[in-house]
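Position 1 is the first residue of the sequence; numbering continues from there. Because the structure is predicted, anything quoted here is derived from the model rather than measured.
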Amino acid sequence: MTPDHSNDDTIDRTTTDAAVAAHLDMDIPQTNHSTEDLQTLLEQIQDNIPPLVSSVLQTLIQTIETLQNRIDDLETKLEQTHDIATTASGKAETNASDIDDLEADHEKTHEIATSAVAKVNQLDADQQEDAETLPDGVEPSSSPLDFFANCRQTKVKQAFVEETNQQNTYRAIAVAKRWPEFAIKRTDGSGVFMTKDDIQTALTAELGKQPHRQTVARVWDKLLELGGSDVLEKRRTVGRNQATKQILTMDKDTAEGLLEKRYIGLDLLETTSDKAQTGGVTPVVTGSPA
């Protein structure tokens, strides 16, 4: 049986390495070192070893360095992959939340649409009732804006400012009536329109001071709300070389109808608050002409 010399070989190699190190007056490293350390060590001993051995050791050091760089790259990519996976997981949760929000918005939109249809039906019923109770020769209003603009403004102010704290509603009515001063007239004479800048200018004249941007936006929304089909929001280019702007537009008959004062002298504001909330057009006449 052939004896096992593996252990003896190991002992011989260790003894030989120690002898070589002692001969070269060096210590054999017992721990892992960087390639820079190995390169420094090679430079120290290369004059005492054959060129071929020096070349082989140089190649090994370069190979170790290449492998270490490759390991570093792989670790970096692993971290990036982990970050991407974490981000994707977070986005998936966000998308699920967005879907829930969209479903909630859809339900809300459906409720708003249902409410709008109900208001339109109520509007038609109120308009028919009011038209029958108006004095002969007095035209019913075509929208809440048209109605309130034709009532005595002291009464309108009392209803919306003093009693119900709806200042922006009153401001919207006042601004609409000042269209001859601040609105832009269409060149063909078919109607008028106002930009947000025009609304701001009209409010400045009405309030006696520069309005807050939020006030301008709220008055804009109130004009749309009160105007119904009389006031339309559109987009157009105003003047040459200008950006597209939002405008509120009224046809000629609607604009002129705001200035007729046809309900002054009639006691039509007894149920103003209720009508304004439900979208009614012309409150029922509760008295006789003054």
Side-chain angles (χ1 to χ4, degrees), residues 141-266 268-269 272-283:
S141 62
S142 56
S143 67
L145 176 63
D146 181 52
F147 169 71
F148 292 119
N150 279 282
C151 292
R152 191 177 301 278
Q153 291 308 286
T154 54
K155 294 287 187 180
V156 176
K157 186 173 183 179
Q158 178 182 350
F160 288 112
V161 178
E162 299 172 10
E163 295 179 2
T164 59
N165 194 32
Q166 300 182 64
Q167 286 88 345
N168 287 326
T169 299
Y170 175 75
R171 291 166 183 166
I173 297 166
V175 165
K177 291 185 64 176
R178 300 188 71 162
W179 66 261
E181 302 170 74
F182 303 107
I184 301 172
K185 300 175 180 62
R186 294 189 180 278
T187 53
D188 60 2
S190 62
V192 300
F193 62 88
M194 301 179 79
T195 66
K196 286 191 176 179
D197 290 340
D198 298 326
I199 298 294
Q200 180 175 326
T201 303
L203 277 172
T204 301
E206 184 67 25
L207 301 175
K209 62 180 180 180
Q210 188 83 2
H212 192 277
R213 182 181 300 177
Q214 193 174 41
T215 300
V216 176
R218 288 174 178 172
V219 169
W220 179 281
D221 292 339
K222 280 296 179 183
L223 282 169
L224 279 172
E225 179 184 338
L226 294 170
S229 61
D230 286 347
V231 180
L232 302 178
E233 184 178 44
K234 297 182 178 180
R235 302 184 72 89
R236 63 158 289 174
T237 301
V238 182
R240 295 181 178 179
N241 302 322
Q242 292 189 14
T244 301
K245 293 185 177 181
Q246 287 179 302
I247 62 172
L248 294 181
T249 179
M250 296 184 291
D251 62 36
K252 179 181 178 181
D253 291 340
T254 296
E256 292 179 346
L258 300 179
L259 308 178
E260 291 177 350
K261 301 181 180 180
R262 61 184 180 274
Y263 303 136
I264 291 180
L266 303 178
L268 301 178
L269 293 175
T272 295
S273 298
D274 292 339
K275 290 285 181 174
Q277 293 297 326
T278 60
V281 180
T282 307

Between Gln167 and Asn165, does any side-chain donor sit less than 3.5 Å from a side-chain acceptor?
yes
If you apply the rule side-chain contact (heavy atoms from CB on, under 4.5 Å), what do you find for Glu256 with Lys252, and how did you get there?
CA-CA 6 Å; Glu256 292 179 346; Lys252 179 181 178 181; 3.1 Å; yes
Hey, are Asp251 and Thr254 close enough side-chain-wise for a donor-acceptor pair under 3.5 Å?
yes
When you measure from the side chain of Asn150 to the backbone of Gly257, do you find a donor-acceptor pair of N or O atoms at a distance under 3.5 Å?
yes
Does Glu162 come within less than 4.0 Å of Lys157, counting only side-chain N to carboxylate O?
no
Side-chain donor-acceptor pairs under 3.5 Å in residues 226-235, sequence neighbours left out?
unit_1 : atom_1 : unit_2 : atom_2 : d
Asp230 : OD1    : Ser142 : OG     : 3.4
Asp230 : OD2    : Ser142 : OG     : 2.5
Asp230 : OD2    : Ser143 : OG     : 2.8
Glu233 : OE2    : Trp220 : NE1    : 2.9
Glu233 : OE2    : Gln246 : NE2    : 3.3

Less than 4.0 Å between a side-chain N and a carboxylate O, is that true for Asp146 and Arg262?
yes
May I ask you to check whether over 12 heavy atoms, not counting those of Lys196, lie within 6.0 Å of atom NZ?
yes
Between the side chains of Thr215 and Arg171, does any donor sit under 3.5 Å from an acceptor?
no
Run the ring pair (Phe, Tyr, Trp, His ring centres under 6.0 Å) test on Tyr170 and Phe148 for me, step by step, so that the C-alpha distance in whole Å, both residues' side-chain angles and the decisive distance to 0.1 Å come before the verdict.
CA-CA 9 Å; Tyr170 175 75; Phe148 292 119; over 10 Å; no
Calculate, to the nearest 0.5 Å, the distance between atoms OG1 and CG belonging to Thr169 and Asp221 respectively.
11.0 Å
Trace of the side-chain contact (heavy atoms from CB on, under 4.5 Å) decision for Glu206 with Arg178:
CA-CA 9 Å; Glu206 184 67 25; Arg178 300 188 71 162; 3.1 Å; yes
Working for side chain to side chain donor-acceptor pair (under 3.5 Å), residues Arg236 and Thr249
CA-CA 11 Å; Arg236 63 158 289 174; Thr249 179; over 6 Å; no
List the residues meeting side-chain hydrogen bond (donor to acceptor under 3.5 Å, both in side chains) with Lys222, not counting sequence neighbours, and say none if there are none.
Glu225
Going through the checks in order, is the side chain to side chain donor-acceptor pair (under 3.5 Å) test met by Asp197 and Thr195?
CA-CA 5 Å; Asp197 290 340; Thr195 66; 4.7 Å; no
Between Ile173 and Phe160, does the side-chain contact (heavy atoms from CB on, under 4.5 Å) criterion hold? Intermediate values first, please.
CA-CA 10 Å; Ile173 297 166; Phe160 288 112; 4.1 Å; yes
Hey, is the main chain of Ala255 close enough, under 3.5 Å, to the side chain of Trp179 for a donor-acceptor pair?
yes
